[in-house]
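Since the structure comes first, as structure tokens, the remarks are kept for the end.
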Amino acid sequence: MKNFIHFLFTCMVSFFAFCGALSMKDNPWPGFAVAFGIWGIFLWRYNVRAKRNAMKREYEEWMFREYMRSRSNSHRY
């Protein structure tokens, strides 16, 4: 859900930046820089969130394996 909200925000900001860049007569490059920059930030933060979620999932799986191992050891005796 958080990714979707960030995606909508990115689309909205880049749309207005592109519209602003297209309406500028002398120098449209700052608008283009903002539009592409916000997409770069979105992709960078998406990658950070994906790595964090993968690490969290891996840790939870490890904890579950440790729990199951401790239960199987306690039932042997």
Side-chain angles (χ1 to χ4, degrees):
M1 185 66 173
K2 190 174 184 181
N3 287 335
F4 182 69
I5 293 171
H6 285 192
F7 177 74
L8 288 179
F9 178 74
T10 300
C11 287
M12 199 169 55
V13 170
S14 67
F15 173 74
F16 288 118
F18 276 128
C19 287
L22 292 174
S23 68
M24 291 181 187
K25 302 252 188 264
D26 295 335
N27 190 11
W29 296 110
F32 290 137
V34 169
F36 288 118
I38 197 73
W39 278 106
I41 291 171
F42 171 76
L43 293 174
W44 172 58
R45 290 300 302 163
Y46 179 79
N47 189 28
V48 167
R49 284 190 302 271
K51 285 181 181 178
R52 187 182 314 138
N53 288 340
M55 288 175 50
K56 183 180 175 185
R57 185 172 33 255
E58 182 179 319
Y59 175 74
E60 289 172 353
E61 289 173 0
W62 178 78
M63 289 297 291
F64 179 73
R65 285 192 306 268
E66 289 295 316
Y67 171 72
M68 293 305 287
R69 187 181 319 161
S70 71
R71 285 190 46 104
S72 67
N73 287 340
S74 65
H75 287 274
R76 286 185 187 170
Y77 303 110

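Predicted model, so just to flag it, every value in this text is computed and none were measured.
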Item to check | Joint cluster assignment, F15 & F18, ILVMFWY side-chain distance < 4.5 Å | outcome: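 In one cluster with F15: F18, no.
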Next on the checklist: Same cluster or not: F36 versus W29, using hydrophobic residues (I, L, V, M, F, W, Y) connected whenever any side-chain heavy atoms lie under 4.5 Å apart?
Outcome noted: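 Result: yes, single cluster for both.
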Solution key, residues 51-66 side-chain donor-acceptor pairs under 3.5 Å, sequence neighbours excluded:
unit_1 : atom_1 : unit_2 : atom_2 : d
N53    : ND2    : R49    : O      : 3.4
E66    : OE2    : R69    : NH1    : 3.3
E66    : OE2    : R69    : NH2    : 3.2

Atom pair [atom1] ([X]) and [atom2] ([Y]), whose distance is rounded to the nearest 0.5 Å:
X   : Y   : atom1 : atom2 : value
W39 : Y46 : CH2   : OH    : 12.5 Å
L22 : F32 : CG    : CZ    : 5.0 Å
H6  : L43 : NE2   : CG    : 13.0 Å
F9  : I41 : CZ    : CD1   : 9.5 Å

Please report the shortest heavy-atom distance between [X] and [Y], naming the atom on each side.
X   : Y   : value
G31 : A17 : O-CB, 3.6 Å
P28 : A21 : CB-O, 3.1 Å
I38 : T10 : O-CG2, 3.9 Å

Next on the checklist: side chain to side chain contact (heavy atoms under 4.5 Å, CB included), that's the test. Do V48 and W44 meet it? Break it down for me.
Outcome noted: CA-CA 6 Å; V48 167; W44 172 58; 4.1 Å; yes
